[in-house]
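Remarks on the structure that follows.
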Amino acid sequence: QLTLNKKIIFTTKELAFELGKSTASISRSLTSLCKDGEVVKLTRGVWANINHLQFTPYGACSYLLANEQGYVSFLSVLHRHNIISQIPSTIQIATTGRNRVLNTSIGDFEFIQLCPELMQEGFSVWGDGVTYNIATKEKALLDCLYISTRKGNRFNYFPEISLEKISKKKVLALAKRLIKHPSIYVAVRDKVDEFFYL
């Protein structure tokens, strides 16, 4: 019988290594625990102990990103800071990987591709027990506005947004430091000006 009291989100390989057992044996045991509701399977080889006091779906982000760079961003962060009232239907993650949606038993994760140059700053490590990278509110807005200039009409409209909770100056400073392509920078800068009604 596996004891998972200290585990929050983990992989089959991690647990097998810690216990000195084969991944096949650990996988069978975890599958059995799934049936009892003690753990849930997120994706192949990744599991969550949803009964742990420090469990949060955000903690799964680093495991689901695998070898990609990424952090929680976009509407997920804006809602978390009460900047927008709408609750996103997915946990949105900025990634260097491809665009995709992963449906899991703890929520749906949407991975939105950004260029690597936008991954250099504007986020920090958060969480207890299991940690994850999350954007600042200014970086989350910048990511949205960047996508709005690159991907059609996505993130062009934000109902009930509280702009007084966010610094236009910080958004523009991030854009200037991170966006190296002149025409893209101008497009994003203009979008920020338009967004703040100036």
Side-chain angles (χ1 to χ4, degrees), residues 8-9 40 42 48 50-65 68-96 99-114 118-179 187-198:
I8 306 175
I9 297 170
V40 296
L42 304 186
I50 59 174
N51 299 313
H52 196 286
L53 292 176
Q54 293 176 319
F55 167 77
T56 169
Y58 291 109
C61 294
S62 58
Y63 286 88
L64 300 178
L65 280 163
E68 302 166 16
Q69 288 180 269
Y71 51 88
V72 180
S73 188
F74 305 104
L75 301 185
S76 294
V77 171
L78 297 182
H79 175 71
R80 182 169 168 145
H81 285 281
N82 296 313
I83 293 167
I84 59 170
S85 57
Q86 67 188 100
I87 302 174
S89 59
T90 60
I91 294 174
Q92 295 177 335
I93 303 171
T95 177
T96 53
N99 293 329
R100 63 196 186 278
V101 174
L102 177 64
N103 306 113
T104 78
S105 53
I106 62 171
D108 299 329
F109 295 81
E110 182 179 9
F111 299 84
I112 302 172
Q113 187 180 50
L114 289 179
L118 285 172
M119 296 283 177
Q120 295 175 35
E121 63 171 293
F123 56 90
S124 59
V125 178
W126 191 260
D128 294 316
V130 59
T131 59
Y132 52 93
N133 291 325
I134 186 166
T136 63
K137 53 191 176 182
E138 284 81 16
K139 183 60 162 66
L141 180 59
L142 175 62
D143 289 346
C144 288
L145 297 181
Y146 175 86
I147 291 294
S148 76
T149 67
R150 310 297 297 164
K151 305 289 183 181
N153 293 321
R154 181 123 201 226
F155 299 131
N156 257 345
Y157 175 65
F158 296 80
E160 299 180 30
I161 187 164
S162 300
L163 287 174
E164 69 275 5
K165 296 180 180 179
I166 201 161
S167 167
K168 177 186 176 183
K169 184 177 180 180
K170 289 182 179 179
V171 176
L172 287 172
L174 277 169
K176 189 169 185 179
R177 289 197 299 270
L178 296 178
I179 301 174
V188 173
R189 184 197 63 195
D190 290 347
K191 182 70 71 170
V192 173
D193 284 341
E194 174 188 332
F195 199 75
F196 282 85
Y197 311 107
L198 294 177

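Here the structure is a predicted model, which is why all the values come from computation and not from measurement.
The two residues Ala135 and Ser73 come nearest to each other via the heavy atoms CB-OG, 3.8 Å. Closest of all the heavy-atom pairs between Ile91 and Cys61 is CG2-SG, 4.4 Å. Between His52 and Gln54 the shortest heavy-atom distance is ND1-N, 3.0 Å. Counting all heavy atoms, side chain and backbone alike, Gly127 lies closest to Tyr132 at CA-CE2, 4.2 Å. Heavy atoms only, all atoms of each residue included: Asp193 and Lys168 are closest at OD1-NZ, 3.0 Å. For the pair Ser76 and Val72, the tightest heavy-atom approach, listed with the atom from each and the gap, is CB-CG1, 3.9 Å.
Between Ile134 and Arg80 there is a side-chain heavy-atom pair separated by less than 4.5 Å. With contacts defined as side-chain heavy-atom distances shorter than 4.5 Å, the pair Phe74/Leu114 qualifies. The shortest distance between side-chain heavy atoms of Leu75 and Cys144 falls below 4.5 Å. When side chains are defined from C-beta on, Leu141 counts as touching Phe196, because their heavy atoms get closer than 4.5 Å.
Considering CG of Leu145 and CG of Asn156, their distance stands at 8.5 Å, rounded to 0.5 Å. Separating the CZ atom in Arg150 from the NZ atom in Lys191 is a distance of 12.0 Å, to the nearest 0.5 Å. A distance of 11.0 Å separates OH of Tyr71 from CG of Leu65, quoted to the nearest 0.5 Å. How far CD1 of Ile147 is from CD of Gln92: 10.0 Å, rounded to the nearest 0.5 Å. Put simply, CZ on Arg189 and CD1 on Ile179 are 11.0 Å apart, with the number rounded to the nearest 0.5 Å. For the atom pair CG of Leu178 and OH of Tyr146, the computed distance is 10.5 Å after rounding to the nearest 0.5 Å.
With Ser162 contributing its side chain and Lys165 its backbone, the two residues share no donor-acceptor pair below 3.5 Å. Here the side chain of Tyr63 pairs a donor or acceptor atom with the backbone of Ile9 at under 3.5 angstrom. Formation of a donor-acceptor pair under 3.5 Å by the Thr96 side chain with backbone atoms of Gln69 is found in this model.
Not counting sequence neighbours, Phe55 has no partner by the ring-ring contact (aromatic ring centres under 6.0 Å, His included) test. By the salt bridge (charged side-chain N to carboxylate O under 4.0 Å, His left out) test, Glu110 is found to be paired with Arg154, residues two or more places apart in sequence or in another chain being considered. Every side chain to side chain donor-acceptor pair (under 3.5 Å) that Asn103 has, sequence neighbours left out, goes to Asp108. Applying the side-chain contact (heavy atoms from CB on, under 4.5 Å) test to Ser124 and every residue at least two apart in sequence or in another chain returns nothing. Applying the salt bridge (charged side-chain N to carboxylate O under 4.0 Å, His left out) criterion to Arg177, with sequence neighbours excluded, gives Glu121.
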Given side chain to side chain contact (heavy atoms under 4.5 Å, CB included), test Ile112 with Phe155 step by step and report yes or no. CA-CA 12 Å; Ile112 302 172; Phe155 299 131; 4.0 Å; yes

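Counted within 6.0 Å of CD on Glu164, heavy atoms from surrounding residues, nucleotides or ligands total more than 12; the atom is thus considered enclosed.
Contacts classified as salt bridge (Lys or Arg N to Asp or Glu O under 4.0 Å) and involving residues 128-140 (residues at least two apart or in different chains) are given here: Lys139-Asp143.
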